[in-house]
Amino acid sequence: MSIPDRALLDWVEEASEERGLHFAGPGDSWDFHSYAELADKVLRTAEALRAAGAQEGDVVAVVQRCSPGFVATFFGAIAAGCTPCSIAPPFAFQRGGEYAEHARALFDTAQPRVIVCDEESEDSVRTVTEGLDLPEPVVFDAFIAEVEPAQKPYPPAEFALLQFTSGSSGRSRGVLVSHEALTNDVNAMHRWLEWLPEYSGASWLPVHHDMGLIGCMVNFVTMSCDGWMMQPEDFIRSPLRYLRCISDNKVGLTAMPNFGLAYILHRVKPAQLEGLDFSSFRSLILGAERIDPQVLEGFEALLGPHGFDRRALLPAYGGAEATLAVTGLPIGEGWSEVTLEGDQAGRFVGCGRPLRGVQVTVVDDEGVEVADRVVGEVLVSGNTLGTRYQGVAGTASGTVLDGGVLHTGDAGFLHEGQLYVVGRLGDGLKVRGKMVFAESLEAKLHELGIPQRRVAVLLGHREDRATGVVVLEKPDPQWQAAAHAVLAEALGTEADLLAVEVPRGGLAVTSSGKPRRRVMWAALAAGELGGDIRSLTPA
């Protein structure tokens, strides 16, 4: 299928009155904003930014929930010849005390010329930016209230986006993404998904994270398809509402991490799907974390009787330094898994093949390319990579963007052209000459019934002793025994085994929900990790 390439702002000049974005309201209500209406707001925002002193290449911080104002500010910054940067509003953090520290570092790195927030974020943003020699935040509605729209977009800046990494491996780092790279990545995804304007999309993902921002919102808007936009807490409160939205509106595309499918399986019962129809589903993109084949099988079993086709499940791989998408499973192929034996025994789901303009290789410790089914570091190159980091790189994360090659810090292997991801190299521990990965141990714990987002495994050396730690959030009584069995089998007697019990909300996670293993490890090493710490090995 031939999918024409599109520029980032083509939709502004061709804005539809019939199609647009539907934002979730109270109950089952939806607030519709046509692309014509959104385009007018984009051009008003562009003119307001210029009037506020923003010049070509200046950074514009967008601190808003997913909303018409967010869409207008993000694309309005591009239309003003500036560089938008989406920073999470306070709602994204489980523990409010973390927000100020996290956001302050992002603002300090971004150094925005203008900060556009929504009304509920204004006070928090004002407090966070105090003393940073940054402009006062402005509230979107008031900012564009008295402004006439620009006649047309200003010439684009070199960089179309400053986006932050998730921070799962330490401090979030800002990545400057060129206008060309963002355009290339969006068009590569359109081609991969064989996406046309008549296919609608739905998303509950946060727009301060690359998967929700580019994979959903930017893709919906640039394709000018109908999009159904929920807040993350809407999904957490009622995943059934999300499924009803897909059925009622014949949604063709959505995206989420493995956790989202697992959460649906946990919260939605088969009887609740009576009368729903999921035959419109063409592509459910899965990324951001390792994919559990048991979860895929369970999701197929739940939705299959209601028209869902397993081939709509599209595992993918990407990251902020690659703009977003690196690999993806082609439409209609159907997901597959590979079982490895030996050092890296386990079931691994294929994450598809490289998208147009992208190359993927797997190399050993010496940088030499390895054979199929041999685990090594995943390297990425091509025309969708970010250009460089903004400001201070922050703590080492294992990911390096240098000379047109992205050293991802991820361990994986290739098989028949597909990429299979094993885990983070920095979250592994060498025991008896083999690498053990935290994600692999977590996957085994999930198989034993410990839910995702309730457990994290930390691996490293403490006082020169190999150490495995399982952090359990409000655990059931039997979880410690399961954790001991898994860690003891993987690490043997060579490692100290510890368990940390934390209350609900005590697991350190990124704003997109991934465990911050290195942050927790550093806290443990410094004696600052909260919770009840005890030996995991029975006396």
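Below, all heavy atoms of this structure are taken into account, side chains as well, without hydrogens, waters or symmetry copies.
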Q: Applying side chain to side chain donor-acceptor pair (under 3.5 Å), run through Gln111 and Gln390 and close with a yes or a no.
A: CA-CA 10 Å; Gln111 289 294 303; Gln390 167 88 330; over 6 Å; no
Q: Under the side chain to side chain contact (heavy atoms under 4.5 Å, CB included) rule, what do Gln231 and Cys66 come out as? Steps first, then yes or no, please.
A: CA-CA 7 Å; Gln231 306 294 345; Cys66 183; 4.2 Å; yes
**Q.** Whether over 12 other heavy atoms sit under 6.0 Å from Arg311 CZ
**A.** no
Q: I would like to know whether Val455 and Leu472 meet side chain to side chain contact (heavy atoms under 4.5 Å, CB included); could you show each step before the answer?
A: CA-CA 5 Å; Val455 61; Leu472 299 166; 3.7 Å; yes
Q | Parallel, tilted or perpendicular: rings of Phe235 and Trp204 (30°, 60°) | A | parallel
Q. Taking the six-membered ring for Trp, are His266 and Tyr263 parallel (under 30°), tilted (30 to 60°) or perpendicular (over 60°)?
A. tilted
Q: Examine Arg173 relative to Tyr389 and say whether NZ or CZ is less than 6.0 Å from the centre of the six-membered ring and inside a 45° cone about the ring axis.
A: yes
(Q) Any heavy-atom pair between the side chains of Ile264 and Leu243 that's under 4.5 Å? (A) yes
(Q) Checking Gln64 against Phe74 for the side chain to side chain contact (heavy atoms under 4.5 Å, CB included) test, could you report, in this order, the C-alpha distance in whole Å, the side-chain angles of both residues, the deciding distance, and whether it holds? (A) CA-CA 10 Å; Gln64 301 174 48; Phe74 181 85; over 6 Å; no
(Q) Within the 4.5 Å heavy-atom criterion, are Val63 and Ile115 side-chain neighbours or not? (A) yes
Q | Distance (rounded to the nearest 0.5 Å) between Asp496 CG and Thr467 OG1 | A | 4.5 Å
Q. Within the distance-only criterion (no hydrogens, no angle test), does the side chain of Asn219 pair as donor or acceptor with the backbone N or O of Gly215 below 3.5 angstrom?
A. yes
Q.
Strictly distance-based, threshold 3.5 Å: is any side-chain N or O of Tyr99 a donor or acceptor partner for the main-chain N or O of Ala88?
A. yes
Q: Please tell me if the side chains of Pro90 and Ser121 come closer than 4.5 Å, counting only heavy atoms from C-beta onward.
A: yes
Q) Between the side chain of Asp108 and the main-chain N/O of Ala105, is any donor-acceptor distance below 3.5 Å? A) no
**Q.** Check: Leu385 and Leu401 side chains under 4.5 Å, non-hydrogen atoms
**A.** yes
Q. Given Tyr420, which of Phe348, Trp335, Phe413 fulfils the ring pair (Phe, Tyr, Trp, His ring centres under 6.0 Å) condition?
A. Phe413
Q. Would you call Glu297 and Arg310 a salt bridge, taking side-chain N to carboxylate O under 4.0 Å as the test?
A. no
(Q) Keeping Ser381 on the side-chain end and Val405 on the backbone end, is there a donor-acceptor pair under 3.5 Å? (A) no
Q) Any idea which heavy atoms bring Gly386 and Thr323 closest together, and the distance? A) N-OG1, 4.3 Å
Q. Distance-only, no hydrogens or angles: does the Asp476 side chain make a donor-acceptor pair with backbone N or O of Gln478 under 3.5 Å?
A. no
(Q) Is it the case that the side chain of Thr83 and the backbone of Leu161 share a donor-acceptor pair, with hydrogens and angles ignored and the cut-off at 3.5 Å? (A) no
Q: Indicate the atoms forming the closest heavy-atom contact of Ile331 with Trp192, along with that distance.
A: CG1-O, 3.8 Å
Q. With a 4.5 Å heavy-atom cut-off, do Tyr242 and Met256 have their side chains touching?
A. yes
Q. Would a distance-only check, ignoring hydrogens and angles, find a side-chain to backbone donor-acceptor pair under 3.5 Å from Asp372 to Glu416?
A. yes
**Q.** N/O donor-acceptor pair under 3.5 Å between Glu473 side chain and Arg454 backbone
**A.** no
Q.
Just so I know, are the side chains of Leu324 and Met189 near enough to count as touching, which here means a heavy-atom distance under 4.5 Å?
A. yes
Q) Are any non-hydrogen side-chain atoms of Phe281 and Thr254 less than 4.5 angstrom apart? A) yes
Q. Under a 4.0 Å N-O cut-off, is there an ion pair linking Arg353 with Glu333?
A. yes
Q. Of the non-hydrogen atoms in Pro315 and Val349, which two are nearest, and what is the gap between them?
A. CG-CG1, 3.8 Å
Q.
Using the rule given for side chain to side chain contact (heavy atoms under 4.5 Å, CB included), can you reason through Leu193 versus Leu314, listing the C-alpha separation, both sets of side-chain angles and the distance that settles it, and then say yes or no?
A. CA-CA 9 Å; Leu193 301 167; Leu314 301 183; 3.8 Å; yes
Q. Considering residues, nucleotides and ligands other than Asp532, do more than 12 of their heavy atoms fall under 6.0 Å from its CG?
A. yes
Q) Which heavy atom of Val470 sits nearest a heavy atom of Ala483, and at what distance? A) CG1-CB, 3.7 Å
Q | Contact check, side chains of Leu286 and Phe299, non-hydrogen atoms, under 4.5 Å | A | no
Q: Over all heavy atoms of both residues, which pair between Val128 and Ala100 is shortest? Give the atoms and the distance, please.
A: CG2-CA, 3.8 Å
Q | Glu337 and Arg347 ion-paired at < 4.0 Å | A | yes
Q. Does a side-chain N-to-carboxylate-O contact under 4.0 Å join Glu233 and Arg65?
A. yes
Q: Without swapping roles, check the side chain of Arg534 against the backbone of Ala499 for a donor-acceptor pair under 3.5 Å.
A: no
Q) Which atom pair, heavy atoms only, marks the closest approach of Thr384 to Val358? A) OG1-CG2, 3.7 Å
Q: Please check if the side chain of Glu377 supplies one atom and the backbone of Gly409 the other of a donor-acceptor pair under 3.5 Å.
A: yes
